[in-house]
Amino acid sequence: MTMKLIEKYVGGFVSGREMEEIRGEVEEATREVLEGTGEGKEFLGWVRLPESYDREEFERIKAAAEKIRGDSDVLVVIGIGGSYLGARAVIEALQGQNRNTKVASADDTSGRVLQGASPSLTRSKASSAPLEIYFAGKDISSLELNSLLEICGGKDVSVNVVSKSGTTTEPAIAFRVFRELLEKKYGKEGAAKRIYATTDRAKGALKQLADAEGYETFVVPDDVGGRYSVLTAVGILPIAVAGIDVDELIAGAGQAMEEFSEVDFEKNLAMRYAGYRNILYRKGFSVEVLAGYEPRMAMMSEWWKQLFGESEGKEGKGIFPASVVFSTDLHSMGQYIQEGERKLFETVLSFEDAGVEVLVPECDGDLDGLGYLEGKSLEFVNERAMRATILAHVDGGVPNVVLEMDRLREFELGYLIYFFMMSCAISGYVLGVNPFDQPGVESYKKNMFALLGKPGFEELRGELEGRL
Ligand code: PA5
């Protein structure tokens with residue numbers, strides 16, 4: 001098994017009888033996902049994607065990634081929400097949060113291997129090795145954009161603009177800025193060879209622009225929503241540019257697809273997780289905290305929060321998804337989790353083998369009182385911290401579901417991503433909502449357009465101005 005779902009720390013809060021009682025609902029919800037009979041069924045393209053993806057496009061993506069690695073120092077990925085979170089999450093999970101610093105500081109000509117990264121980062125344009133990857137268009141901060149423009153100064157830059165609708169304001173603004181930069185630097189034609197657009201097959205402003213300017217385009221399939229799109233061109237192009245083995249990532253998702261394609265409440269882990277979540281929610285545990293012990297998984301938690309938050313938070317319902325990085329946050333949020341309002345449950349992500357070994361050094365004397373840890377690995381200490389915390393939190397009234405995997409690699413990550421998407425879809429149906437729409441996101445957009453003076457929003461603008 002690629003993953004284990006450890007249920008014993010939730011057993012004191014959810015009985016076997018309660019799991020039996022919810023079984024029928026979970027089975028029905030799972031059938032709705034697998035057979036495509038539920039609400040939002042037109043957005044189930046991700047379910048069979050690991051086997052049905054467009055091979056021809058996949059090869060084009062790999063070729064584009066090779067070209068970018070060969071002619072660029074920096075790739076700027078422009079997108080927001082589901083159009084950037086997955087790619088960033090996978091890249092940081094596998095290569096660490098400091099990958100750009102490592103790449104930038106590596107010797108350009110020696111192509112030396114940087115330790116502690118998976119896969120190893122080498123940089124040498126000649127051998128088309130990894131480059132710096134930054135994300136823009138995910139906010140409207142002039143400070144952030146300005147600092148990224150400074151980073152890009154004097155470097156060769158390519159841009160991957162990602163927007164399914166092709167009309168989202170934040171990435172559209174950032175794209176204008178970077179288009180201008182590239183056109184000034186390389187001329188219109190040269191810039192066009194460095195801009196890659198990932199968007200709808202046929203419609204939207206970005207598609208029209210890309211066709212008019214001759215950018216290479218990749219498709220966000222009609223039947224895959226933003227937060228379920230990381231394994232399409234949306235995520236795969238930036239991930240491939242990072243030098244990550246995208247075949248392994250898809251293979252891991254494919255393994256999960258096989259395992260979760262049977263309606264079997266005993267064996268299907270996505271069904272069991274969805275069952276626990278809904279029982280806990282009905283008992284008043286309305287906040288789920290995703291707890292990890294690897295800081296490089298922090299962006300993966302952000303991806304997870306969007307997936308569950310946007311899929312379930314509607315019609316006055318839904319578990320609020322939160323996240324922590326332990327042991328760091330045990331020194332900030334640990335107090336609340338241990339003794340605050342009792343409405344939290346935790347989903348703990350555990351990787352047994354870190355893949356690198358750092359030992360607590362031996363030293364003369366024992367002035368720091370750490371003698372008992374000499375020669376022990378940090379991995380061991382981290383694991384003990386995790387076990388200690390799980391027991392303490394369970395004692396404090398916080399149910400814990402533990403997801404355990406061997407190693408943090410492409411295959412496992414692909415598996416985990418698919419597991420969460422499948423669990424989320426099932427869980428949303430059990431909750432009684434459509435897990436594939438996001439009507440609530442429109443409200444702020446309408447107001448923002450009105451306050452920005454967009455034509456067509458004059459009446460609303462008048463009303464809002466009066467309330468400011
Ligand atoms: O999950 C979603 O649908 C959203 O988060 C979108 O991905 C996000 O709003 C960006 O939309 P678009 O890709 O159309 O620019």
Side-chain angles (χ1 to χ4, degrees), residues 3 5-33 38-40 227-228 260 263 265-266 268-292 300-324 333 336-349 390 393-403 416 419-441:
M3 189 174 81
L5 180 79
I6 313 290
E7 304 183 17
K8 65 180 170 194
Y9 306 112
V10 69
F13 304 88
V14 175
S15 68
R17 187 178 52 77
E18 286 167 319
M19 278 296 265
E20 270 314 303
E21 280 167 6
I22 206 166
R23 172 196 280 264
E25 288 176 66
V26 177
E27 287 172 348
E28 194 188 323
T30 309
R31 270 187 217 102
E32 285 183 315
V33 179
E39 245 196 305
R227 57 192 177 275
Y228 293 83
F260 307 140
V263 184
F265 196 49
E266 304 305 327
N268 186 326
L269 302 186
M271 290 175 71
R272 295 196 76 71
Y273 180 47
Y276 280 120
R277 295 181 80 254
N278 277 279
I279 295 171
L280 289 167
Y281 179 61
R282 290 172 195 180
K283 292 181 153 197
F285 293 99
S286 57
V287 178
E288 177 176 13
V289 182
L290 187 68
M300 192 46 84
S301 297
E302 296 304 314
W303 171 84
W304 173 89
K305 284 195 273 195
Q306 189 209 355
L307 178 67
F308 279 90
E310 221 167 75
S311 297
E312 292 191 322
K314 49 197 72 157
E315 299 172 33
K317 297 190 269 196
I319 296 169
F320 183 84
S323 66
V324 287
M333 296 305 292
Y336 190 104
I337 296 173
Q338 189 69 46
E339 294 183 349
E341 200 179 332
R342 300 297 70 190
K343 59 180 176 188
L344 311 177
F345 69 98
E346 284 174 298
T347 295
V348 180
L349 274 182
I390 290 172
H393 288 180
V394 168
D395 288 347
V398 182
N400 269 235
V401 175
V402 182
L403 304 175
L416 188 65
F419 165 77
F420 278 136
M421 294 196 298
M422 180 55 82
S423 309
C424 182
I426 298 171
S427 193
Y429 279 151
V430 174
L431 183 68
V433 299
N434 174 357
F436 306 112
D437 66 0
Q438 54 283 327
V441 180

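Numbers here are sequence positions counted from 1.
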Please check if the side chain of [X] supplies one atom and the backbone of [Y] the other of a donor-acceptor pair under 3.5 Å.
| X | Y | result |
| --- | --- | --- |
| N268 | E266 | no |
| Y9 | I390 | no |
| K314 | N434 | yes |
| R342 | G396 | yes |

Do you know which two heavy atoms are closest between [X] and [Y], and how far apart they sit?
| X | Y | value |
| --- | --- | --- |
| G432 | E315 | O-OE1, 4.0 Å |
| R227 | S311 | NE-OG, 2.8 Å |
| K343 | G284 | CB-O, 3.6 Å |
| L290 | S301 | CD2-OG, 3.6 Å |
| G318 | L431 | CA-CD2, 3.9 Å |
| A29 | I426 | CB-O, 3.6 Å |

Are side-chain heavy atoms of [X] and [Y] found at a separation under 4.5 Å?
| X | Y | result |
| --- | --- | --- |
| V401 | V348 | no |
| F260 | T30 | no |
| Y336 | V324 | no |

Next on the checklist: Could you walk me through whether V14 and L280 satisfy the side chain to side chain contact (heavy atoms under 4.5 Å, CB included) test, starting with their C-alpha distance in whole Å, then the side-chain angles of each, then the deciding distance to 0.1 Å, before giving a yes or no?
Outcome noted: CA-CA 7 Å; V14 175; L280 289 167; 3.7 Å; yes
Rounded to the nearest 0.5 Å, how far does [atom2] of [Y] lie from [atom1] of [X]?
| X | Y | atom1 | atom2 | answer |
| --- | --- | --- | --- | --- |
| N278 | M19 | CG | CE | 10.5 Å |
| H393 | F345 | NE2 | CZ | 15.0 Å |
| F285 | F13 | CZ | CZ | 6.0 Å |
| L416 | M421 | CG | CE | 10.5 Å |
| D437 | E310 | CG | CD | 9.5 Å |
| S423 | Y276 | OG | OH | 13.5 Å |

Using distance alone, with no hydrogens and no angle criterion, decide if Y273 and S427 have a side-chain donor and acceptor under 3.5 Å apart.
no
Taking salt bridge (charged side-chain N to carboxylate O under 4.0 Å, His left out) as the test, write out the residues that go with [X], two or more places apart.
| X | value |
| --- | --- |
| E18 | K283 |
| K317 | none |
| R277 | E288, E312 |

Paired with C424, the side chain to side chain contact (heavy atoms under 4.5 Å, CB included) test is passed by just one of F308, F436, Y429, namely F308
Exactly one of L349, T347, I6 clears side chain to side chain contact (heavy atoms under 4.5 Å, CB included) with V402, and that residue is I6
Test salt bridge (Lys or Arg N to Asp or Glu O under 4.0 Å) on E25 and R282; report intermediate values, then the result. CA-CA 14 Å; E25 288 176 66; R282 290 172 195 180; 2.7 Å; yes
>> Let's go through E28 and V430 carefully: what are the C-alpha distance in whole Å and the side-chain angles of both, what is the deciding distance for side chain to side chain contact (heavy atoms under 4.5 Å, CB included) to 0.1 Å, and is it a yes or a no?
In response: CA-CA 8 Å; E28 194 188 323; V430 174; over 6 Å; no
- Around F320, counting heavy atoms of other residues, nucleotides and ligands shown, do more than 12 lie under 6.0 Å from its CZ? no
Thinking salt bridges, do E20 and R23 make one under a 4.0 Å N-O criterion? yes
task = Could you tell me whether K305 and E302 have a side-chain N and a carboxylate O separated by less than 4.0 Å?
result = yes
